[in-house]
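All of these numbers come straight from a predicted model, not from anything done at the bench. Lettering of chains follows the sequences in order, A, B, ..., and the numbering in each one begins at 1.
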Amino acid sequence: MAVTLEELARLVGGRVIGDPATEVSGVCPADEAQKGRIAFATGPEFVEKLRGSDASAVFVPEPIDDLEIAQVVVEDPRRAFFQAAALFKEQSAPAPGISDRAFVDPTASLGAEVTVFPLAYVGAEAAIGDRVRIYPGAYVGRGVRIGDDSTLFANVSVGEGTLIGRRVTLHFGASVGADGFGYLQEGDVHVKIPQTGGVVIEDDVEIGSNTTVDRATLGNTVIGAGTKIDNLVQVAHNCKVGRNVILVAHSGLAGSTVLGDNVLLAARSGTKDHVTVGERSIIGGMSGVRKDLPPGSKVIGYPAEDHMLWKRQRVFLAKSGELVKKVRDLEARIAELEKRLGKDD
Amino acid sequence: MAVTLEELARLVGGRVIGDPATEVSGVCPADEAQKGRIAFATGPEFVEKLRGSDASAVFVPEPIDDLEIAQVVVEDPRRAFFQAAALFKEQSAPAPGISDRAFVDPTASLGAEVTVFPLAYVGAEAAIGDRVRIYPGAYVGRGVRIGDDSTLFANVSVGEGTLIGRRVTLHFGASVGADGFGYLQEGDVHVKIPQTGGVVIEDDVEIGSNTTVDRATLGNTVIGAGTKIDNLVQVAHNCKVGRNVILVAHSGLAGSTVLGDNVLLAARSGTKDHVTVGERSIIGGMSGVRKDLPPGSKVIGYPAEDHMLWKRQRVFLAKSGELVKKVRDLEARIAELEKRLGKDD
Amino acid sequence: MAVTLEELARLVGGRVIGDPATEVSGVCPADEAQKGRIAFATGPEFVEKLRGSDASAVFVPEPIDDLEIAQVVVEDPRRAFFQAAALFKEQSAPAPGISDRAFVDPTASLGAEVTVFPLAYVGAEAAIGDRVRIYPGAYVGRGVRIGDDSTLFANVSVGEGTLIGRRVTLHFGASVGADGFGYLQEGDVHVKIPQTGGVVIEDDVEIGSNTTVDRATLGNTVIGAGTKIDNLVQVAHNCKVGRNVILVAHSGLAGSTVLGDNVLLAARSGTKDHVTVGERSIIGGMSGVRKDLPPGSKVIGYPAEDHMLWKRQRVFLAKSGELVKKVRDLEARIAELEKRLGKDD
């Protein structure tokens, strides 16, 4: 759907230079510009790319002379561009409706303007909020509750006992509410501990493709509001993840991990079970946290330690050849001294 | 479904203090107690939580005075609690039946009391045992055989050539029997080696969400009886995994790895291809095994080595600053001695 | 379907010893030989296994005396065996056809001899090439284009904005075209950057089970022709992966990574965002690349460095106990010298 520059300028709080009735229907990068789309420019190198380009308009921080295409002048062109992108994306959303090729259990309740695509499954007694979208192949287990404006993309699985908040997004193949990994060892045999708890996903959480969040043994695994989880991340049973946490791809939390608000786990990092990480801590890439960390920690390595110590150890190792040489040299000098002084008597 | 305390006491081998006709319909943690549910207490701190709580009953190791709620006295309250949890979970299982919204190939054979949910797929010549449950979005390829009492949760994929034993559980999105990763290099081009083997999953195996187990090039990839695999684990083609092995989340086995019985791979650890790990070995977290290991090994690091050596190296690195300082100090002392003795002649 | 040895010999450029009308219908390993199948032997140890075995024929490099079963003599028996395996696999492919239990949007276009299985989903305006196969539970989003002879196995998800080439294979649960992981931080809140770009998968690419390839913020994430990706790999938004690259299981590319042609990432290795890795570089297992690498690099460790340096550091650490002992010894010898010389004056 096309939007006029006048409308866009109103949305982003900017002003139009050129024809305000110019219509655009999408965004484009400055170096892959397309007709009917709007780009953004934050510096001279962008502007060069736009001269003679096919873009129909551009967000700029200040008016640019001699540019053929229309401009929307706005304080933060990058942010305005993202706002426009979000608008166009929202406009291309599917029309609501419940496909008769989906399976919706008669005991499930659906809010207003819900979209259930063909081949999606909504189980008994599930409660689906307004404007929720459930894509093909998504599975909503018995009694699951989903808040308004949430989206389950294709092939997502949400197990019994899960409570999902508002404006939550689950990407392709994400798994929420499968059994946690808990066994009692009896001799050589691993006897399953029934996982009867649930999962609570609070508002505004995003969970990446093929990421897994397991249900608690008892009580709930919790993902705090505003937390964003990347692809292929593991959140084990009984974890309590704070608000606005970032879990980057391939990171993992062992059972009963507690993360404070605003913690960041970089790619491929993880925690031992029952560890507590204080708020605003940063765990470096490929690191493993084995003990509790106070708020504001910045650690890396395995076992994870203060990042300055870790860096010093890297430098030490890089120079280890010199150290070995120096010790060998000292040894020779001492031998020489001993020789000159003769045998001890 | 509710159960009386009398019935529960019989199940777990305990005795009731209070009204044996009291009904409970689920379990709950002591600190999130709910009416109609039974908790467990193993020590004084639990008992405090239960005073005045909403729980209807509690498993205890010895009678507790002055507790308002009914008690079931049993030797191991935690174990009894898990037994009760398993009972309630079993009771809440879906009623068997083949949905007419599922696709079941007419040449597939189904045992007694099988459950096939809407939107599940069972391919040609598949053979499904008694009481098997196949959830929405699960895919059973041509000719796959599944033993009695196994469960395939939503969006699981099981490829042609797979043989699954009894009481096996595959969690959301698990992938069993996809092609192994094998190529012949011809110049710069990677020519696919056809993967024509299969996968054998023996009895009582559990496979976590979004875990992948690839089919063999020839012969079979094998997961031994009683082995438990966590989420997001990779088992490559031609691996032979022993019995009662534990593979924790994000661990991975390269092609043709052989694991003895009762081996444990901690989170994020892995093996090089064609490595053999002796039974009862423990591979530490974030470790990579690059050579064969005898039975009972306990290794960590990359390349993985004896865990005591690894710990000593961590201590060495932690003290590396002192070592550098000490060498610098020795250097000064030697220089001083050399100065005092004068030039060598 | 059975094939005569005469036909097989023609396919692989070999000649038959024995009855050329002998029929085989599959391949088998020499040590698990089966009637009606053909094995291969490259050396004497294979031949021993075949004496008295059930195999109906064998590929050999030279004629073998006194073997009861038919032989196909060919320069490279292993390669011939793989060619035969590929032939039998192709023969067992499903018959083309569009199931009326699939959902195919009326605005989608389908090429010739396409197979769409029951419970697969093909969205609006999708364009599917000739002989494409789409298995149960696979999801093809709006406007996705798929080239001739590609295969989407069960429960694969392909999002809007994805362009897939010819002869591409996506294994169980692979996710292509989900949103990249991009946020603007505003105070404590992570504001989503709309991901409006796409994904381009070029010809002859293979993507493993439950692997994730995210769509670009703008422009495209690109996987070059002939690249092979194993299971559980993460390719973040905006990455540009070259041709004939190998990404082994659990490896991961952070956003905007650029990989030259023929790069190899071993298992569990990864790159920092915006890193460029020159062609034909090899990244060792469990390694993390944090800076640009020239062509032909061979690195390992975290941060990844030249593999020879890394090995030297491993040796240094292994001998660190000796070093500490030697320094302690030098200290004692210096103290002794100092004592003999008396206090400095």
Side-chain angles (χ1 to χ4, degrees), chain B residues 103 119-121 123 137-139 141-142 155-157 159-160 173 175-179 181 183-184 188-194 196-197 210-212 214 218-219 232-234 236 250 252 254 268 270 272 286 288 290 302-303 305 309 312-313 316-317 323 326-327 330 333-334 336-337 340-341, chain C residues 26-29 31-32 78-79 82 85-86 88-89 92 94 99 101 117-119 135-137 153-155 169 171-173 204 206 208-210 226-228 230-232 243-244 246 248-250 261-262 267-268 285-286 301 314 317-318 320-321 323-324 327 330-331 334-335 337-338 341 344:
Chain B
F103 178 90
L119 309 176
Y121 177 96
Y139 165 80
R142 182 162 52 174
N155 291 321
V156 159
S157 302
E160 206 177 328
S175 157
V176 177
D179 277 357
F181 194 67
Y183 302 89
L184 290 172
D188 282 350
V189 177
H190 308 292
V191 180
K192 187 175 175 73
I193 298 175
T196 60
N210 289 340
T211 278
T212 60
D214 281 353
L218 295 168
L232 295 168
V233 171
Q234 152 78 343
H250 277 136
R268 210 175 288 277
K272 198 173 166 301
M286 308 192 73
R290 305 222 302 190
Y302 181 68
E305 58 198 328
L309 289 178
R312 249 176 257 152
Q313 294 179 7
F316 169 75
L317 280 174
L323 181 69
K326 185 176 289 182
V327 170
L330 292 183
R333 285 161 68 186
I334 292 174
E336 173 63 24
L337 290 173
R340 287 174 61 189
L341 285 171
Chain C
V27 296
C28 63
D31 53 357
E32 294 176 31
R78 191 158 164 263
R79 196 176 193 300
F82 291 141
F88 292 122
K89 204 163 184 184
S92 74
S99 168
R101 300 289 299 276
F117 278 82
L119 309 176
Y135 276 76
F153 281 109
N155 291 320
T169 304
H171 289 287
F172 296 151
D204 299 302
E206 192 161 355
S209 294
N210 289 339
T227 285
K228 312 296 183 187
D230 201 348
N231 300 338
L232 295 168
R243 296 163 66 97
N244 298 323
I246 295 278
V248 180
H250 276 137
D261 295 345
N262 299 97
R268 210 175 289 277
M286 308 193 72
R314 289 323 102 183
L317 280 174
S320 57
L323 181 69
V324 169
V327 170
L330 293 182
E331 206 172 11
I334 292 174
L337 290 172
E338 288 171 334
L341 285 169
D344 190 15

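- The candidate from Leu232(B), Leu309(B), Val156(B), Leu317(B) with the greatest count of non-hydrogen atom pairs under 4.5 Å with chain C is Leu232(B).
- In this structure, Leu341(C) and Leu341(B) have side chains that are in contact, with non-hydrogen atoms separated by less than 4.5 Å.
- For the 3.5 Å distance criterion, the side chains of Ser209(C) and Thr212(B) fail to qualify, holding no donor opposite an acceptor.
- Side-chain contact between Tyr139(B) and Phe117(C) is absent, with no heavy-atom pair separated by less than 4.5 Å.
- Between Phe103(B) and Tyr121(B), the two ring planes are parallel [angle under 30°; tilted spans 30° to 60°].
- In terms of non-hydrogen atom pairs under 4.5 Å with chain C, the most contact-rich of Leu184(B), Val327(B), Thr196(B), Asn210(B) is Asn210(B).
- A distance of 12.5 Å separates CG of Leu337(C) from CD of Glu336(B), quoted to the nearest 0.5 Å.
- If you take CD on Gln313(B) and CD on Glu305(B), they are separated by 4.5 Å, rounding to the nearest 0.5 Å.
- To the nearest 0.5 Å, atom OG1 of residue Thr227(C) and atom CD of residue Glu206(C) are 11.5 Å apart.
- The side-chain heavy atoms of Asp204(C) and Val189(B), taken from C-beta on, include no pair separated by under 4.5 Å.
- Ranked by heavy-atom pairs under 4.5 Å with chain C, the first of Leu330(B), Asp188(B), Leu119(B), Leu218(B) is Asp188(B).
- In this structure, no portion of Arg243(C) lies under 4.5 Å from any heavy atom of chain B.
- Using a 4.5 Å cut-off between heavy atoms, Phe316(B) touches chain C through its side chain atoms alone.
- When Gly141(B), Pro303(B), Gly177(B) are compared by the number of non-hydrogen pairs under 4.5 Å with chain C, Pro303(B) comes out ahead.
- Contacts with chain B were tallied for Arg101(C), His171(C), Arg268(C); Arg268(C) has the most, counting heavy-atom pairs under 4.5 Å.
- Looking at Ser157(B) and Asn155(C), their side chains do bring a donor and an acceptor atom within 3.5 Å of each other.
- Contact of Lys89(C) with chain B is made through the side chain alone, with heavy-atom distances under 4.5 Å.
- To the nearest 0.5 Å, atom CZ of residue Arg290(B) and atom OH of residue Tyr302(B) are 4.0 Å apart.
- Only the side chain of Tyr135(C) comes within contact range of chain B, with at least one heavy atom under 4.5 Å from a heavy atom of that chain.
- Contact of Ala120(B) with chain C is made through the backbone alone, with heavy-atom distances under 4.5 Å.
- For the set Lys272(B), Glu160(B), Arg142(B), the entry with the most heavy-atom pairs within less than 4.5 Å of chain C is Arg142(B).
- Contacts between Ala267(C) and chain B at a heavy-atom distance below 4.5 Å are absent for every atom of the residue.
- If you tally non-hydrogen atom pairs under 4.5 Å between each of Gly226(C), Ser99(C), Gly301(C), Gly285(C) and chain B, the highest count goes to Gly285(C).
- Looking at Asn262(C), only its side chain comes within 4.5 Å of chain B, counting heavy atoms on both sides.
- Contacts with chain B were tallied for Ala154(C), Gly26(C), Ala86(C); Ala154(C) has the most, counting heavy-atom pairs under 4.5 Å.
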